There are 4 protein chains.
Amino acid sequence: MNKVILMGRLARDPEVRYTQGEQAMAVARYTLAVDRRGKNQENSADFIQCVAFGKAGEFAERYLHKGTKIVLTGRIQTGSYTNKEGQRIYTTDVVAEDQEFAESKNAESGGTYSNQPAPAPQSGNDGFMPAGDDSELPFV
Amino acid sequence: MNKVILMGRLARDPEVRYTQGEQAMAVARYTLAVDRRGKNQENSADFIQCVAFGKAGEFAERYLHKGTKIVLTGRIQTGSYTNKEGQRIYTTDVVAEDQEFAESKNAESGGTYSNQPAPAPQSGNDGFMPAGDDSELPFV
Amino acid sequence: MNKVILMGRLARDPEVRYTQGEQAMAVARYTLAVDRRGKNQENSADFIQCVAFGKAGEFAERYLHKGTKIVLTGRIQTGSYTNKEGQRIYTTDVVAEDQEFAESKNAESGGTYSNQPAPAPQSGNDGFMPAGDDSELPFV
Amino acid sequence: MNKVILMGRLARDPEVRYTQGEQAMAVARYTLAVDRRGKNQENSADFIQCVAFGKAGEFAERYLHKGTKIVLTGRIQTGSYTNKEGQRIYTTDVVAEDQEFAESKNAESGGTYSNQPAPAPQSGNDGFMPAGDDSELPFV
DNA sequence: TTTT
DNA sequence: TTTT
């Protein structure tokens, strides 16, 4: 269980790279500015590093830019590397799995994209009963 | 944005059906008992109807039973049907996308299953740099 | 653990009641229309019953109306009652704890309200060090 | 909107400090090890820095230790400070608001604590109707 | 610097 | 009984 839900605006345009090799894919990075609740205290925000891979990365590259307000779902990912001074540096990023527009700007939209699988059936009777027949109580 | 996270125990064994047709799949239903925070008030719980489709449904059938404690991630789904008295009945279920064991019972486990896609790469440098070389600062 | 996060629009104006007695409080009810991801399938939505108590209820009464787009955080609550035919009816509602505007309509806003407690300190050094002095490494 | 839900085990005992001044309070820090889904890849985990303030901090001090499995709800908080080399260092922590035991160890428990306010009424009829009378349809 |  |  590792879930993150954020609503905020991109503090900068995404930076996008493509990995090499056969399964090449987009890797987009951006910072999300998320307003804090107790806005009394100098209207501050948290500036959260986000990464989007694959389809989600392409979506970011195409539709997101500085100022775009989104609702993001993802997970926290930590890592580390050694800098040129030889110090171990620890990193914390949010991996963006879902990115949805919070403001319906009609024009700029283009929809929503994510790495999610096709949704399961969503009818009221869960596919237990033939279509057009809903006269029976579903089992509960 | 439609996310639900619940931790609780199955109040009954899952009931499992299989849909007909070519893309036949498992549909498992169960009730999750989720303890309320203010447990002072007569140790009550919420009894939440859950449905799991496909792989998640098979996982439920195989590994979950009355009393199993899980952490579930999913979404709320509403629907309706007409009962035999001709009344329109409205339903609210939680569609289980992820189901994880909360208690590591070693023996009974069998892991975790969900409809989630394969996870994106999780190395510290996000695949921007060749493996084995972490001497450069990743762009931030 | 019982968490719900929803983004959607009010499908109707909130209905508000006030409880009687000394600790009288507002109880607001509304339906939230949450678009489904696989919007290919006849642009459907889930219509989710929500209740807001106390301060959150007053906020709903004052600022929310049919069509308002919000991000809601809360929990699932189940209950039951007996109808006039003597049948036991089971209910599932989302109790709204936080309600935030998803669209910044400047004018209509009025902010955000919830039952949340005052936020804990949010400075970089967590209050371990005197203000104005950030030259020391915080313990990690 | 800034929500985090994690399930994992403390990778070390919490370190606890108390802030000075009149509104002195506990500040507990620990690392949470959260297993990744694709456990095929060398059984890795994310090691996430957490902070708990006030009551939540006291709860951590008292009941949590290395190895304890919890479900945590909170938010991401970013900050920065300047180290002795004069470099600006950026930090990302999870502020723990709720901490629940994932394994019911009966003995060691002691319950759950958080900064959450007292829960709103949770009866089926939402307090609209007098207790003992549930024969009327609640308004929907 | 990490947990089962 | 539903929203854009």
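These numbers were taken from a predicted model, which means no experiment stands behind them. In what follows, chains are A, B, ... by sequence order, proteins preceding strands, each numbered from 1.
- Aromatic pair B:Tyr90/C:Tyr90: ring centres not closer than 6.0 Å.
- Comparing F:dT3, E:dT2, E:dT4 by their closest approach to the side chain of D:Asp35 singles out E:dT4.
- Note: B:Phe101 and B:Tyr63 have perpendicular aromatic rings, judged against thresholds of 30 and 60 degrees for the angle between ring planes.
- What separates CD of A:Glu100 from C1' of F:dT4 is a distance of 14 Å, to the nearest Å.
- The side chain of A:Tyr90 has E:dT2 as its nearest neighbour among F:dT3, E:dT3, E:dT2.
- Distance, D:Arg36 CZ to E:dT2 P: 14 Å, rounded to whole Å.
- Rounded to whole Å, the distance from CD1 on D:Ile48 to P on E:dT1 is 17 Å.
- Closest to the C:Arg9 side chain, of the nucleotides E:dT1, F:dT3, E:dT2, is F:dT3.
- Distance B:Glu103 CD to E:dT4 P: 17 Å, rounded to the nearest Å.
- Look at CD on C:Gln99: it is 20 Å from P on F:dT3, rounded to the nearest Å.
- Among the nucleotides F:dT1, E:dT3, F:dT3, the one closest to the side chain of C:Ala33 is F:dT3.
- Rounded to whole Å, the distance from CD1 on C:Ile70 to C1' on F:dT4 is 14 Å.
- Here CE of C:Met1 is found 12.5 Å from CG of B:Leu72. Values are rounded to the nearest 0.5 Å.
- Here F:dT3 presents its C1' atom at 12 Å from NE2 of C:His65, a figure rounded to the nearest Å.
- The distance between atom CD of B:Gln87 and atom P of F:dT1, rounded to the nearest whole Å, is 13 Å.
- Judged by distance alone, the side chain of D:Asp46 and the main-chain N or O of A:Thr78 form a donor-acceptor pair under 3.5 Å.
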